[in-house]
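Basis for what follows: all heavy atoms, side chains included, without hydrogens, waters or symmetry-related copies. Because the structure is a prediction, the values reported are computed rather than measured. In what follows, every chain begins at residue 1, and chains take the letters A, B, ... in the order their sequences are listed.
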Protein chains: 2
Amino acid sequence: MSEGATGLIEAGAGVQPQAGERRRGIDRVIMLFEALLKHRAPMRIGDIAKMINAPRSTTYEIVNSLLEAEMLENVGSEGYVYFGRAMHLFGWAYSHHNAHYRRILETLDRMAAETGETVQLCGLRGNKYVVLDCRDSPGPFRISSDVGVEVPIPWTASGRLLVGHMHETELKDFIPAADYELPDGRVIAPDEFFADVDLARRQGFSETSALADRFTWCMAAPIRNSHGAINTTLCFVLPVDTPEPRRNQLLELLRERARALSLAGS
Amino acid sequence: MSEGATGLIEAGAGVQPQAGERRRGIDRVIMLFEALLKHRAPMRIGDIAKMINAPRSTTYEIVNSLLEAEMLENVGSEGYVYFGRAMHLFGWAYSHHNAHYRRILETLDRMAAETGETVQLCGLRGNKYVVLDCRDSPGPFRISSDVGVEVPIPWTASGRLLVGHMHETELKDFIPAADYELPDGRVIAPDEFFADVDLARRQGFSETSALADRFTWCMAAPIRNSHGAINTTLCFVLPVDTPEPRRNQLLELLRERARALSLAGS
DNA sequence: TTAGTTTGTCCGGTATTCCAGACATCATGT
DNA sequence: ACATGATGTCTGGAATACCGGACAAACTAA
């Protein structure tokens with residue numbers, strides 16, 4: 001247990017400043033992109049070098065190659081770089097290459113329009129939960145900037161569904177111990193979490209209230225791929241004080257749409 | 001003149017099968033992504049190797065690295081790979097990192113909803129024109145799959161605006177001679193094109209009818225960045241037989257919205 | 001001014017990546 | 001049955017990509 005699982009993510013920024021290790025250009029590139037994603041804002045080359053723990057000269061060379069390929073882009077007056085136009089095209093290609101994903105995005109649009117609530121598409125990335133796309137409620141000010149930000153699985157309703165295929169022993173290895181601690185300091189008992197996962201699997205949806213955030217009620221329903229596995233979830237993010245009848249109505253809609261998007265019958 | 005400009009794009013697929021040339025991993029990665037984008041569908045590793053002219057063993061190693069980073073993804077039963085989830089997140093980060101781009105996308109949504117027509121956001125990529133994003137008209141069946149596909153500049157209305165900052169001599173070097181030939185075999189006289197570019201610059205918009213496609217009328221208006229340069233264009237794609245009054249009305253809307261999105265006053 | 005920090009570029013050497021090729025499997029066709 | 005071709009893995013060796021470090025220039029602070 002403990003945190004053996006994090007060992008997989010050796011590219012994690014910052015840690016292990018062990019010097020003198022030569023690495024491949026490809027690996028540097030991957031680390032660079034993940035660092036940029038984590039930072040979520042343009043960075044200067046020197047800072048990138050520090051963040052991915054690479055020599056400055058190497059970083060310059062890599063960044064220049066990527067700039068030329070438009071995978072990175074100069075932003076602002078001097079020295080800052082961020083993702084470039086090519087990335088946008090690659091990402092667009094990813095999200096439209098199959099009819100399935102396109103249908104999911106259309107559903108997202110429709111649900112947001114019909115209900116006026118915040119709708120999200122969620123998935124896993126390594127051993128963390130991420131929002132893959134979202135449509136924000138026009139009402140409350142809730143900025144849609146958390147797409148791609150990694151969040152501990154136990155903090156989320158979707159997370160409980162997305163790990164539904166794992167046994168308890170696997171889960172213990174998979175989820176870092178630190179991830180059971182909520183942002184406000186409370187700690188979720190792992191056994192309680194495992195029970196939640198089990199419940200979510202049996203009832204085919206998951207709800208959390210005031211978990212990662214004291215003011216939100218989250219509900220998630222699974223989208224299954226052609227093998228019946230859960231790749232992504234559909235998810236409503238509601239104000240906690242949403243009246244129960246409306247919650248039930250929305251949950252019904254959510255489950256129906258998620259079922260319609262799933263590829264395999266039971 | 002002739003086609004000296006294409007020399008810049010040495011990563012262009014297929015050509016120059018000269019063997020025995022060692023290349024950096026980074027360059028292989030870039031070529032791989034561009035090949036995938038051009039192909040617009042999942043590919044097998046062996047075919048990728050041929051397409052980017054790399055040794056098979058090298059290609060396997062690179063692909064596996066990228067798979068692990070989720071920049072590529074296995075698709076289908078066996079052996080096919082395409083862009084992965086990480087690409088989607090990187091691309092999302094690109095298109096949302098600044099308020100400007102977000103406003104552009106919202107405008108795209110609004111214009112599509114208001115008019116029911118096909119709206120596109122266009123830009124340059126190297127010496128080609130590309131659609132960066134689009135909202136399709138619900139009416140005619142026009143599939144929105146041309147985002148990211150490179151098209152010769154002279155085929156498009158937007159292209160005439162996007163090269164407006166260049167002198168005639170620059171343009172001659174910049175645009176490959178072959179790009180003046182339309183898909184149906186007609187050839188645009190370069191001088192005529194230069195005159196079009198000049199006209200577009202002076203009147204602040206550009207229109208083409210039945211150019212790249214016999215059945216469409218395109219109109220484009222420039223979005224200027226804070227330096228007054230034209231980075232992207234907003235564009236309507238209409239049926240050629242759209243009545244003139246409506247065309248004028250749409251053109252007015254287009255110019256107004258594009259102006260509102262531009263950052264610098266004149 | 002001086003001293004300190006950061007940026008961008010360049011260069012020589014070596015640790016390593018990338019390449020060529022072999023090999024076992026599997027699929028397909030005749 | 002055999003022949004053909006593609007897939008995925010592995011290995012040794014040589015070309016070179018990456019690294020450390022130096023350098024000039026620009027910027028800041030006192």
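In this view, A:Arg160 and A:Asp196 satisfy the salt bridge (Lys or Arg N to Asp or Glu O under 4.0 Å) rule, not counting sequence neighbours. For B:Tyr129, there are no ring-ring contact (aromatic ring centres under 6.0 Å, His included) partners two or more places apart in sequence or in a different chain. Partners of B:Phe193 under the ring-ring contact (aromatic ring centres under 6.0 Å, His included) rule, at least two apart in sequence or in another chain, are B:Tyr180. Take B:Glu106 and apply the salt bridge (Lys or Arg N to Asp or Glu O under 4.0 Å) test, not counting sequence neighbours, and it matches no residue. Under the ring-ring contact (aromatic ring centres under 6.0 Å, His included) criterion, B:Tyr82 pairs with A:His97, not counting sequence neighbours. With sequence neighbours excluded, the residues forming a ring-ring contact (aromatic ring centres under 6.0 Å, His included) with A:Tyr94 are A:Tyr101, B:His88, listed by chain and number. In this structure, the salt bridge (Lys or Arg N to Asp or Glu O under 4.0 Å) partners of B:Asp198, at least two apart in sequence or on a different chain, are B:Arg201, B:Arg202.
Among pairs with a residue in residues 58-67 of chain B, those fulfilling salt bridge (Lys or Arg N to Asp or Glu O under 4.0 Å) read A:Arg24-B:Glu61, at least two apart in sequence or across chains. For the salt bridge (Lys or Arg N to Asp or Glu O under 4.0 Å) condition, the pairs that include at least one residue of residues 69-80 of chain B, sequence neighbours left out, are A:Arg125-B:Glu70.
As rounded to whole Å, 9 Å separates atom P of C:dA27 from atom CD of B:Glu78. Rounded to whole Å, atom C1' of D:dG8 lies 9 Å from atom CG of B:Asn64.
Distances shown here put a side-chain N or O of A:Thr58 below 4.0 Å from the OP1 or OP2 atom of D:dC19.
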Got a list of protein N/O to nucleotides 3-7 of chain C N/O distances below 3.5 Å?
| unit_1 | atom_1 | unit_2 | atom_2 | d |
| --- | --- | --- | --- | --- |
| C:dT7 | OP1 | A:Arg44 | NH1 | 3.2 |

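Overall, the helix from C:dT1-D:dA30 to C:dT30-D:dA1 carries an axis bend of 40° between its ends, with five pairs at each end and the value rounded to 10°.
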Next item on the list: Sugar-phosphate means primed atoms, P, OP1 and OP2; the rest is base. With that split, encode nucleotides 11-17 of chain C 5' to 3' as B, S or - using protein heavy atoms under 4.0 Å.
Entry: -----SB
